[in-house]
Asker: 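To start, I am sharing the structure in question, which I have written as structure tokens.
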Amino acid sequence: MKDSKLYIENSLTRQKELFTPLNPGFVGMYVCGPTVYSDVHLGNCRTFVSFDIMYRYLLYLGYKVRYVRNITDVGHLLDDGEDRMSKGAKADNLEPMEVAQKYSNGFHQMMSVFNVLPPSIEPRATGHIIEQIEMVQSILDNGYAYEANGSVYFDTLAFAKDHNYGELSGRVIDELLAESRDNLKHQGEKKHPSDFAIWMKADENHLMKWNSPWSVGFPGWHLECSAMSTKYLGKTFDFHGGGNDLKFPHHENEIAQNMGACGCTPAKYWVHTNMLLMNGRKMSKSDGNTISPGELFTGDSVHVTKGYSPMVVRFFMLQCHYNSTLDLTDGGLAAAEKGYHRLFEAYKHLQALETEGGDGAINATINGLLDQAFDDMNDDFNTPKALSRLFEVVTLINKLVDGHENVNDLTEATLQRMQSDFHALLFDIFGLKEHESSSSDHDKMDGLMELLLDLRAQAREQKDWGTSDKIRDQLAALNIVVKDGKEGTSWTINS
RNA sequence: GGUCGCGUGGCCGAGCGGUUAGGCAGAGGUCUGCAACACCUUGUACGGCGGUUCGAAUCCGUCCGCGACCUCCA
């Protein structure tokens, strides 16, 4: 276990707090996953990349982390009262489970493309109907819910007498009443407009329904997370995350349900990630201001001039703190792409550096920057700041490579630390990776390029600039950049 | 209308009471047959107006502008 103090901005208290797990050395972490009724969109990806960084950093610090991220495959109602999964199923003439499977597969594939680590447990709402029914019963037994026509509603007024409802989102129950007074007539079975369903009676054509003590029906949306987090992490656990659009009503109601069922607050630290915008506006599926991950990778969209690789997009996300809105723009991505390449070029040079070990004149500078990078990570996972330290190290690496700084001013120990910390930050914590290609392809490519550059070198010796430039230009058209340097010619592939 | 948050240099984006953020672009330079790439150096800033303070981008007030949530959303 690394000896470092991690501070996390807790949405519940709105303060940065020292992270101290309930059980030393162990972390229980729950993150609200996707509803699998259509393709993932980029905003989802940013959220899960943000939590991936946190998960990775906790692992790096040496915690044993149980990371639970659910998949919602039932219970999400649309305005017209139809279930999202059912709607998707009817539209494509599929079983609801086929819809869930199809989009779960797509989701997993996209997470893998973004190099997001899989969670330890990925429970599904439909696989935990019994747990949810039991929780409804507990809440009823405790007097915080009532039954009406086969549906069960959470009684927010009764709950608010004993507990604080609205703590997370800063909402006051009287205001909730005032807000929705106009809609009272539509509320039907509810005693109070802020009450919410924890079990819904299904009508005859509803596709997804289960037996329960109250009716044939289905669980309320917020209930699954309460039931599943309790099952896998216990009644109280360390860390609960989600997009900040889930704060209300989802997380507020989740807290109420857990309190209502077991009398204790579910999570110690609540963490919310901010939204991804595009061109200054919220990305959303419903209006046109959206780009799918696939379109972003291929460049097949009016919003970008070219495609950007998944790792460039991930790097772009890292340049912004998870708690701020991030504005996706073509210019921003292009800038990120260049920075990303510069970072990785420096990383490669760093791994090749060797020192004979001198007086360590620049040790302190480098150690200071690396220390600060980790301090930044400890300060609420501040990836943009940590990255800025790394770029300062990049400048130093380049100076060492170019001879502007003497590599022998670096002791062996500091060089090794640079190499291992750089690797840890880039790959283990930030979760970046280089563009992969199969190694046999790689060998062939090397051979081919060696041949071409050999021919070109001959042409240049004979001052046959026509042939020399033709080779260089044709390769450039294939995004292979030829670099003529002091020590000969090298090449790289630009993505 | 209610709740919360944000406005930083050409662009993106940290900082949040005194010290260079960083990336991209721009400018100058090194390298090159010419280029490109790469590398080095480098300028410009904190929405307006008040206030607190020895000192404010950073705290307070106010005005303007923007966004999110309050209804399904990551």
Side-chain angles (χ1 to χ4, degrees), chain A residues 11 14 31-35 37-38 40-51 76-80 82 84 166 169-172 174-176 178-180 183 194 221 241-250 252 272-277 280-286 315-316 318-321 323-343 345-346 349 372 376 379 382-392 394-395 397-399 401-404 460 463-465 468-469 472-473 476 481-487 489-492 494:
Chain A
S11 306
R14 283 149 228 239
V31 170
C32 290
T35 304
Y37 66 101
S38 68
V40 260
H41 77 119
L42 262 181
N44 280 286
C45 296
R46 144 110 126 149
T47 299
F48 298 126
V49 165
S50 295
F51 287 114
H76 239 136
L77 291 185
L78 295 162
D79 290 344
D80 57 9
E82 192 169 13
R84 278 188 189 283
S169 57
R171 246 152 268 250
V172 181
D174 292 341
E175 288 169 1
L176 289 171
E179 278 165 29
S180 37
N183 297 327
S194 62
W221 169 38
N244 80 176
D245 51 349
L246 293 182
K247 240 189 217 176
F248 189 88
H250 184 61
E252 197 68 75
H272 288 95
T273 56
N274 216 134
M275 297 292 99
L276 178 68
L277 309 179
R281 279 167 48 224
K282 187 190 176 187
M283 278 189 92
S284 84
K285 285 181 204 171
S286 47
F315 175 82
F316 174 72
L318 289 170
Q319 281 187 302
C320 175
H321 188 78
N323 199 16
S324 301
T325 52
L326 170 61
D327 192 11
L328 188 91
T329 59
D330 191 53
L333 285 163
E337 184 173 60
K338 294 202 174 183
Y340 171 81
H341 285 303
R342 185 159 168 247
L343 187 61
E345 281 296 304
H349 285 135
Q372 283 174 336
D376 295 332
D379 184 13
N382 197 328
T383 54
K385 214 171 166 190
L387 265 177
S388 79
R389 312 292 191 193
L390 237 39
F391 271 105
E392 291 189 56
V394 164
T395 300
I397 291 169
N398 289 329
K399 282 183 181 175
V401 171
D402 288 5
H404 289 105
R460 294 181 76 208
K463 300 200 190 299
D464 178 2
W465 308 127
S468 155
D469 289 354
R472 181 220 280 158
D473 295 345
V481 180
V482 173
K483 306 175 188 181
D484 295 324
K486 223 181 272 178
E487 330 256 305
T489 303
S490 64
W491 59 279
T492 52
N494 268 4

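Reckoned from all heavy atoms, side chains included, excluding hydrogens, waters and symmetry mates. Model, not experiment: these values are computed from the prediction. Proteins get letters first, then strands, A, B, ... in listed order; numbering begins at 1 in each.
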Asker: May I ask whether A/Phe391 stacks on the base of B/G23, given the cut-offs of 5.5 Å between ring centres and 30° between planes?
Answerer: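 Stacking is absent between B/G23 and A/Phe391, given that the ring centres and planes do not meet under 5.5 Å and under 30°.
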Asker: Hey, is the side chain of A/Arg472 pairing donor to acceptor with the base of B/C37 inside 3.5 Å?
Answerer: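 Answer is no: no donor-acceptor pair is held.
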Asker: Please report the distance separating the P of B/A25 from the corresponding atom of B/C63, rounded so that it comes out in whole Å.
Answerer: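 B/A25 and B/C63 have their P atoms separated by 42 Å.
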Asker: Does a nitrogen or oxygen in the side chain of A/Arg14 sit under 4.0 Å from OP1 or OP2 of B/G5?
Answerer: no
Asker: Nearest to the side chain of A/His321, which nucleotide is it out of B/C12, B/A14, B/A74?
Answerer: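 Within the option list, the nearest is B/A14.
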Asker: Kindly indicate whether the side chain of A/Val394, heavy atoms from C-beta on, has any atom under 4.5 Å from the side chain of A/Leu343.
Answerer: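 The answer is yes, as the side chains (C-beta and beyond) meet within the 4.5 Å cut-off.
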Asker: Without decimals, in angstroms, what is the distance between A/Asp473 CG and B/U32 P?
Answerer: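 Going from A/Asp473 (CG) to B/U32 (P), I get 20 Å.
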Asker: With rounding to whole Å, what would you report as the distance between B/U53 and B/U58 at their C1' atoms?
Answerer: 13 Å
Asker: Using the C1' atoms only, state how far B/C46 lies from B/C16, rounded to an integer number of Å.
Answerer: 11 Å
Asker: Counting only side-chain N and O atoms of A/Lys247, is one of them less than 4.0 Å from OP1 or OP2 of B/C4?
Answerer: no
Asker: When you check the phosphate oxygens OP1 and OP2 of B/G23, does a side-chain N or O of A/Arg342 lie under 4.0 Å from one of them?
Answerer: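 Checking B/G23 against A/Arg342, a side-chain N or O does come within under 4.0 Å of OP1 or OP2.
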Asker: Hey, does the side-chain of A/His41 have a donor or acceptor N/O within less than 3.5 Å of a partner on the base of B/A74?
Answerer: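 For A/His41, whose side chain was compared with the base of B/A74, there is a donor-acceptor pair (under 3.5 Å).
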Asker: Between the protein and nucleotides 41-45 of chain B, which nitrogen or oxygen pairs come in under 3.5 angstrom?
Answerer:
from	atom 1	to	atom 2	distance (Å)
B/U41	OP1	A/Lys399	NZ	2.9

Asker: Rounding to an integer number of Å, can you tell me how far A/Asn323 CG sits from B/A74 P?
Answerer: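 Checked: the CG to P distance equals 19 Å.
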Asker: With a non-hydrogen cut-off below 4.0 angstrom, is A/Leu276 in contact with a base, only sugar-phosphate, or nothing?
Answerer: base
Asker: Out of B/A74, B/C24, B/G23, which nucleotide sits closest to the side chain of A/Leu246?
Answerer: B/A74
Asker: How close do A/Cys32 and A/Leu246 get, heavy atom to heavy atom, and via which atoms?
Answerer: CB-CD1, 3.7 Å
Asker: Side chains of A/Leu277 and A/Leu326: does their closest heavy-atom pair fall under 4.5 Å?
Answerer: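 When only atoms from C-beta onward are counted, A/Leu326 and A/Leu277 do not touch, as no gap falls below 4.5 Å.
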Asker: Can you tell me which nucleotide in B/A74, B/G23, B/G13 comes closest to the side chain of A/Ala335?
Answerer: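 For the A/Ala335 side chain, the nearest candidate turns out to be B/G23.
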Asker: How many whole angstroms separate atom CZ of A/Arg389 from atom P of B/U20?
Answerer: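 Value for this atom pair: 12 Å.
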Asker: Less than 4.5 Å apart, side chain to side chain, heavy atoms only: is that true for A/Glu337 and A/Phe315?
Answerer: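 They are not in side-chain contact.
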Asker: Starting at atom CG of A/Asp376, determine the distance to atom P of B/C16, rounded to an integer number of angstrom.
Answerer: 10 Å
Asker: Indicate yes or no: does A/Asp469 engage A/Arg472 in a salt bridge with an N to O separation below 4.0 Å.
Answerer: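 Yes, A/Asp469 and A/Arg472 are salt-bridged.
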Asker: Considering only heavy atoms from C-beta outward, does the side chain of A/Val482 approach that of A/Thr489 to under 4.5 Å?
Answerer: yes
Asker: Would you say A/Ser324 reaches B/C6's phosphate, i.e. side-chain N/O to OP1/OP2 under 4.0 Å?
Answerer: no
Asker: Confirm from the modelled atom types if A/Arg460 and B/G33 form a donor-acceptor pair under 3.5 Å, side chain to base only.
Answerer: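 Per atom types, the contact qualifies.
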Asker: Determine the Euclidean distance between corresponding P atoms of B/G7 and B/G48; express it in Å to zero decimal places.
Answerer: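 Roughly 13 Å separates the two P atoms.
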Asker: Whole-Å distance between B/C37 C1' and A/Asn398 CG?
Answerer: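 In whole Å, B/C37 C1' lies 13 Å from A/Asn398 CG.
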Asker: Using a heavy-atom cut-off of 4.0 Å across all strands, would you classify A/Val482 as base, sugar-phosphate, or nothing?
Answerer: base
Asker: Do A/Gln319 side-chain atoms and A/Pro384 backbone N/O form a donor-acceptor pair below 3.5 Å?
Answerer: no
Asker: Look at the side chain of A/Lys385 and decide which nucleotide, out of B/A14, B/C12, B/A74, has an atom nearest to it.
Answerer: B/A14
Asker: Minimum heavy-atom separation for A/Ala346 to A/Asn398, with atom names?
Answerer: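 The pair with the smallest heavy-atom distance is CB-OD1, 4.4 Å.
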Asker: When you compare the protein's N or O atoms with those of nucleotides 65-69 of chain B, which come within less than 3.5 Å of each other, and at what distance?
Answerer:
from	atom 1	to	atom 2	distance (Å)
B/C69	OP1	A/Lys282	NZ	2.4

Asker: Go nucleotide by nucleotide along RNA chain B from the 5' end; which of A/Ser468 and A/Arg46 gets its closest nucleotide reached first?
Answerer: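 The 5'-side residue here is A/Ser468.
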Asker: May I have the distance from A/Leu318 (atom CG) to B/A14 (atom P), rounded to whole angstrom?
Answerer: 12 Å
Asker: Return the value, rounded to whole Å, for the distance between atom CG of A/Asp327 and atom P of B/G5.
Answerer: 21 Å
Asker: Looking only at N and O atoms, is any donor in the side chain of A/Ser388 or the base of B/G13 less than 3.5 Å from an acceptor on the other one?
Answerer: no
Asker: With a 4.5 Å limit on heavy-atom distance, are the side chains of A/Phe316 and A/Leu328 in contact?
Answerer: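 They are in side-chain contact.
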Asker: Just checking A/Gly242: base, sugar-phosphate only, or nothing, at a heavy-atom cut-off of under 4.0 Å?
Answerer: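 Result for A/Gly242 = sugar-phosphate.
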Asker: Taking the side chain as every heavy atom from C-beta outward, state whether A/Ser324 and A/His321 have any atom pair closer than 4.5 Å.
Answerer: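 They are in side-chain contact.
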Asker: Taking the side chain from A/Ser50 and the backbone from A/Arg46, do they hold a donor-acceptor pair closer than 3.5 Å?
Answerer: yes
Asker: Give me the distance, rounded to whole Å, that separates B/G2 from B/U8 when you measure between the P atoms they each carry.
Answerer: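 Nearest-Å result for B/G2 against B/U8 at atom P: 26 Å.
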Asker: Do the side-chain N or O atoms of A/Asn382 get closer than 4.0 angstrom to the phosphate oxygens (OP1, OP2) of B/G15?
Answerer: yes
Asker: Could you check whether A/Glu392 gets within reach of a base, just the sugar-phosphate, or nothing at all, counting any heavy atom under 4.0 Å?
Answerer: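 Sugar-phosphate only.
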Asker: Using Watson-Crick and G-U wobble pairs with both distances under 3.5 Å, what is the 5'-to-3' dot-bracket string of RNA chain B, with [ ] for crossing pairs and | for pairs outside the strand?
Answerer: (((((((..(((.....[...))).(((((.......)))))....(((((..]....))))))))))))....
Asker: Taking CG from A/Asn44 and P from B/A74, how many angstroms apart are they, rounded to a whole number?
Answerer: 5 Å
Asker: Describe, in one word, how the ring planes of A/His250 and A/Trp221 are oriented to each other, choosing from parallel (under 30°), tilted (30 to 60°) and perpendicular (over 60°).
Answerer: parallel
Asker: Using the C1' atoms only, state how far B/A21 lies from B/G9, rounded to an integer number of Å.
Answerer: 13 Å
Asker: Let me confirm one number: the NZ-OG distance from A/Lys247 to A/Ser169, rounded to the nearest 0.5 Å.
Answerer: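 Output value for this atom pair is 8.0 Å.
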Asker: Okay, side chain of A/Asn382, backbone of A/Lys385: is any donor-acceptor separation there less than 3.5 Å?
Answerer: yes
Asker: Would you say A/Thr47's side chain and A/Gly43's backbone share a donor-acceptor pair under 3.5 angstrom?
Answerer: yes
Asker: When rounded to the nearest Å, what value does the distance between P atoms of B/G17 and B/G13 take?
Answerer: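 The same atom, P, in both gives a distance of 22 Å.
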Asker: With rounding to the closest Å, how many angstrom separate the C1' atoms on B/A45 and B/A14?
Answerer: 13 Å
Asker: Quick one: on RNA chain B, does A/Pro384 or A/Gly332 contact a more 5' nucleotide (nearest heavy atom)?
Answerer: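 So the residue in question is A/Gly332.
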